[in-house]
Colleague: 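Take this structure, written in structure tokens, and hold onto it; I'll ask about it next.
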Amino acid sequence: MTTQAPQKMEFQAEVKQLLNLVIHSLYSHKEIFLRELISNASDAIDKARFESLTHVELLGDDATFKIRISADKDKGILRISDNGVGMTREELIQNIGTIASSGTKKFLEQLTGDQKKDMSLIGQFGVGFYSVFMVADKVVLTTRRLGNDGPAVRWESAGDGSYTLEEAEKPGRGTDLEIHLKEEDKEFLDDWKIQSIVRKYSEYIAYPIALISKEGDKDGKEEILNAKPPLWRRPKSEITPEEYEEFYKHITHEEEAPLAYSHSQVEGTLEYTSLLYIPAKAPYDLYHPEKKHGLSLYVKRVFIMNDCKELLPSYLRFTRGIVDSEDLPLNVSRELLQKNAVIQKINQATAKKVLNLLETLAKEEPEKYAAFWKEFGTVIKEGFHMNWENLDELKRLVRFESSKTQAGRYRGLQDYVIDMKEGQKDIYYLTAENRKAAEGSPHLEVFRKKDIEVLYLTDPIDEWVMQSLTEFDGKKLLSAAKGDLDLGDLSKDEKKHQKEASSQYKKFMKDFEEKMSDTLKEVRITTRLEESPCCLVAGEEDMGANLERILKMANQKVTESKRILEINPDHPIIQKLLGTFEADPANPKLPDWYRVLVDQALLAEGSAIPEPASYVAKVNGFLAEVLGRA
């Protein structure tokens with residue numbers, strides 16, 4: 001029974017601004033209000049539970065904690081009650097009337113040492129309460145503080161800048177909320193709507209959430225909406241592989257089991273739990289600019305958001321699962337996440353966890369990892385130019401086809417190094433449009449002869465990967481189509497022959513360079529050719545032909561660099577040309593022969609020739625001349 005007239009009070013100025021913000025723009029979905037109120041009720045029970053550890057008598061006959069929800073459709077009222085710590089009149093003013101003071105925050109500040117660890121579930125009483133005014137014309141809150149023998153307090157507001165306070169009757173501790181719903185928001189009185197919201201956002205709250213259904217004038221059945229405990233909060237020893245797989249299928253709606261998963265609980269200065277899954281198949285939108293990330297964020301078991309891209313770097317966006325933090329506020333926004341130090345630390349640690357999980361999969365189940373790489377390898381490669389701190393892990397994870405694998409099979413750099421030939425110093429690779437183009441490249445001729453493995457880099461992103469992937473296990477990664485090839489001890493005889501031939505062909509090569517100066521910057525003898533008369537290579541610091549081709553296809557402006565032509569001194573065509581040059585250096589047909597050889601080298605590497613019609617005319621002229629002599 002009320003013994004004091006209601007007292008009207010004004011909200012703090014900042015609270016008025018906050019109310020306007022919350023009601024009109026803070027949340028994109030109105031249903032969030034129920035999540036916030038349930039979370040606040042859970043926090044209140046946390047505090048009551050903690051205080052009862054040393055004063056169990058305070059609980060009296062009400063020792064079972066519970067959150068209750070009921071809907072009165074006739075009156076348009078949604079009721080939410082808890083038997084938590086409750087509030088005094090002063091606490092009510094501080095917690096709701098004044099945003100700068102938080103009861104939960106002050107409560108936490110009083111805890112020291114080991115008490116903080118015991119109270120790991122307590123969060124801040126943030127701005128979430130005010131979200132109720134998105135759906136309410138009026139809110140009535142009645143509360144009694146745990147251990148307080150005085151009267152309860154009734155708080156009422158229409159969210160219009162003021163509220164009233166008065167004494168009230170309430171038999172037990174805790175808080176009762178009456179939410180008078182707006183006409184357009186009466187859907188929140190439907191049982192199915194309440195059930196779906198609770199199971200979506202609050203299924204893993206630690207305390208029972210009971211929906212009380214009404215039948216006529218009598219209380220109906222009580223349904224517990226969050227009976228299933230959170231899988232990630234249970235000890236790993238109690239969870240079966242089947243349960244992990246079922247949970248994965250539940251959160252992803254996938255039929256196929258994951259390739260691998262990792263469940264970890266981190267304690268200390270940073271406390272969070274993560275349950276991470278590696279899918280078996282890539283989603284159709286994996287490379288779409290608006291692709292959603294696979295991790296959901298919880299705070300103290302309360303669902304905050306799906307698609308939390310701040311939890312992992314984008315090159316690991318295929319990972320599915322959850323992260324449940326103890327250190328973030330419940331009202332955390334996307335903007336706050338981008339600058340939050342806790343999130344940044346979780347991001348770094350979670351990235352390491354995913355990479356370690358993949359490395360374990362590669363070592364222990366190589367066939368599964370091969371399946372993973374086929375689905376997600378290109379995404380992993382994105383990490384080479386955006387995540388330097390994990391470069392070593394990425395090097396161990398990266399896979400390529402090679403001259404020693406069948407099409408569709410991959411090799412890791414570790415395996416390449418193990419199988420290197422004795423005396424081989426470096427790791428060799430070749431970038432090409434596809435495997436067939438790589439296999440047909442003249443640059444591989446000497447590697448085939450000496451049985452040296454060459455990695456095939458046929459993914460467009462490989463060109464950018466190699467800007468970061470310059471060494472592995474102390475060995476350089478060198479392009480088979482760049483620079484002056486040096487196979488060390490494996491090419492002693494060829495180097496000796498190269499030196500002798502360079503002297504013999506010196507004047508010829510100079511003439512070749514001068515007459516093709518518009519295209520070539522150098523002509524030199526090579527050791528890399530066995531069957532072809534010549535090939536084009538790029539300088540060590542120059543852009544390769546494959547990268548030029550990719551950029552042109554993307555309509556990027558490319559400054560073409562002059563190439564180096566390497567000639568095979570043992571090939572009949574080169575030897576005949578040398579004889580023609582020595583017989584008559586002014587022979588008018590020599591420039592045409594030079595041009596045809598350069599065009600053929602371009603065609604052999606998969607590049608376009610500048611003047612196809614001119615090339616065809618020259619070749620036809622040579623054919624007619626040869627056939628005429630036949």
Side-chain angles (χ1 to χ4, degrees), residues 1-19 22 33 36-52 54-55 57-60 62 65 67-68 77-111 122-133 136-180:
M1 184 176 183
T2 303
T3 59
Q4 186 180 24
Q7 178 184 5
K8 185 174 181 180
M9 303 183 72
E10 294 290 320
F11 280 113
Q12 183 189 33
E14 289 84 355
V15 175
K16 292 181 181 179
Q17 296 172 355
L18 178 65
L19 277 169
V22 169
F33 86 92
E36 296 295 328
L37 298 180
I38 290 173
S39 177
N40 289 342
S42 176
D43 282 348
I45 293 176
D46 277 329
K47 285 191 270 191
R49 184 183 65 175
F50 181 77
E51 290 191 16
S52 70
T54 53
H55 301 282
E57 70 279 0
L58 293 176
L59 297 181
D62 189 12
F65 295 112
I67 300 168
R68 294 176 173 86
I77 298 174
L78 181 68
R79 294 184 172 91
I80 303 172
S81 65
D82 67 72
N83 55 350
V85 72
M87 288 176 280
T88 64
R89 178 187 179 91
E90 291 72 24
E91 288 173 332
L92 195 54
I93 294 171
Q94 290 175 342
N95 291 341
I96 297 181
T98 308
I99 190 173
S101 179
S102 166
T104 305
K105 182 179 179 183
K106 285 192 173 182
F107 184 78
L108 281 173
E109 288 173 351
Q110 294 173 5
L111 301 176
I122 293 183
Q124 284 191 325
F125 189 97
V127 301
F129 172 79
Y130 304 108
S131 65
V132 70
F133 289 106
D137 285 325
K138 181 176 73 173
V139 176
V140 179
L141 182 154
T142 306
T143 183
R144 177 188 289 277
R145 183 65 164 82
L146 175 70
N148 189 343
D149 294 330
V153 184
R154 185 176 187 269
W155 176 98
E156 182 177 325
S157 177
D160 56 359
S162 65
Y163 59 91
T164 61
L165 285 174
E166 62 181 312
E167 293 182 358
E169 291 185 356
K170 175 176 166 54
R173 70 177 188 274
T175 300
D176 299 332
L177 270 175
E178 282 189 5
I179 304 165
H180 297 250

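Scope of the values below: all heavy atoms of this structure, side chains included, with no hydrogens, waters or symmetry mates.
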Colleague: Hey, what do you get for CD1 (Ile96) to CZ (Phe129), rounding to the nearest 0.5 Å?
Modeller: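 Between atom CD1 of Ile96 and atom CZ of Phe129 there are 4.0 Å.
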Colleague: Is the backbone of Gly174 close enough, under 3.5 Å, to the side chain of Thr143 for a donor and an acceptor to pair up by distance?
Modeller: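 Pair found, side chain donor or acceptor close to backbone of Gly174.
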Colleague: Working to the nearest 0.5 Å, report the span between CZ of Phe50 and NE2 of His55.
Modeller: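 Here the rounded value is 10.0 Å.
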Colleague: Taking all non-hydrogen atoms of both residues into account, name the closest pair between Leu92 and Leu141 and its distance.
Modeller: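 That closest heavy-atom pairing would be CD1-CD2, 3.8 Å.
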Colleague: Tell me, with the steps shown, if Leu165 and Met9 meet side chain to side chain contact (heavy atoms under 4.5 Å, CB included).
Modeller: CA-CA 8 Å; Leu165 285 174; Met9 303 183 72; 3.5 Å; yes
Colleague: To the nearest 0.5 Å, tell me how far Ile93 CD1 sits from Gln7 CD.
Modeller: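 Taking CD1 in Ile93 and CD in Gln7, the distance rounds to 6.5 Å.
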Colleague: Distance check, rounded to the nearest 0.5 Å: Glu167 atom CD versus Arg154 atom CZ?
Modeller: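 Taking CD in Glu167 and CZ in Arg154, the distance rounds to 13.0 Å.
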Colleague: If I compare all heavy atoms of Leu58 with all of Gly147, which pair ends up nearest, and what's the gap?
Modeller: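 Looking at all heavy atoms of both residues, the closest pair is CD2-CA, 3.8 Å.
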Colleague: Would you call the rings of Tyr163 and Phe11 parallel, tilted or perpendicular, taking 30° and 60° as the class edges?
Modeller: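 Tilted.
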Colleague: In Å, rounded to the nearest 0.5 Å, how long is the span from CD1 of Ile45 to OG1 of Thr175?
Modeller: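 One gets 10.0 Å once the value is rounded to the nearest 0.5 Å.
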Colleague: Taking Arg144 for its side chain and Lys170 for its backbone only, find out whether a donor-acceptor pair lies under 3.5 Å.
Modeller: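 Here the side-chain-to-backbone pair exists.
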Colleague: Side chain to side chain contact (heavy atoms under 4.5 Å, CB included) with Glu10: which residues, sequence neighbours excluded?
Modeller: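 Listed in chain order: Lys8, Lys16, Ser162.
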Colleague: With side chain to side chain contact (heavy atoms under 4.5 Å, CB included) as the test, would you mind laying out the steps for Asn95 and Trp155 before giving the verdict?
Modeller: CA-CA 12 Å; Asn95 291 341; Trp155 176 98; over 6 Å; no
Colleague: Kindly give the heavy-atom pair with the smallest separation between Phe65 and Ala48, and that separation in Å.
Modeller: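 The answer is CE2-CB, 3.9 Å.
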Colleague: Could you measure the distance from the CD1 atom of Ile80 to the CD1 atom of Ile38? Nearest 0.5 Å is fine.
Modeller: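 Answer for the CD1-CD1 pair, Ile80 versus Ile38, is 6.0 Å.
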Colleague: Carefully, step by step, assess Val140 and Ile77 under the rule side chain to side chain contact (heavy atoms under 4.5 Å, CB included).
Modeller: CA-CA 10 Å; Val140 179; Ile77 298 174; over 6 Å; no
Colleague: Would you mind checking if Arg145 and Glu51 are paired as a salt bridge, meaning a charged N to carboxylate O distance below 4.0 Å?
Modeller: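 Answer for the salt bridge query: yes.
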Colleague: Go through the structure and list residues passing side chain to side chain contact (heavy atoms under 4.5 Å, CB included) with Asp62, not counting sequence neighbours.
Modeller: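 Asn83, Arg173.
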Colleague: Kindly write out the residues that satisfy salt bridge (charged side-chain N to carboxylate O under 4.0 Å, His left out) with Arg68, not counting sequence neighbours, or none if the list is empty.
Modeller: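 Per chain and number, Arg68 pairs via salt bridge (charged side-chain N to carboxylate O under 4.0 Å, His left out) with no residue.
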Colleague: Minimum heavy-atom separation for Glu166 and Pro6, please, with both atom names.
Modeller: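 Where Glu166 meets Pro6 most closely, the heavy atoms are OE1-CG, 3.6 Å.
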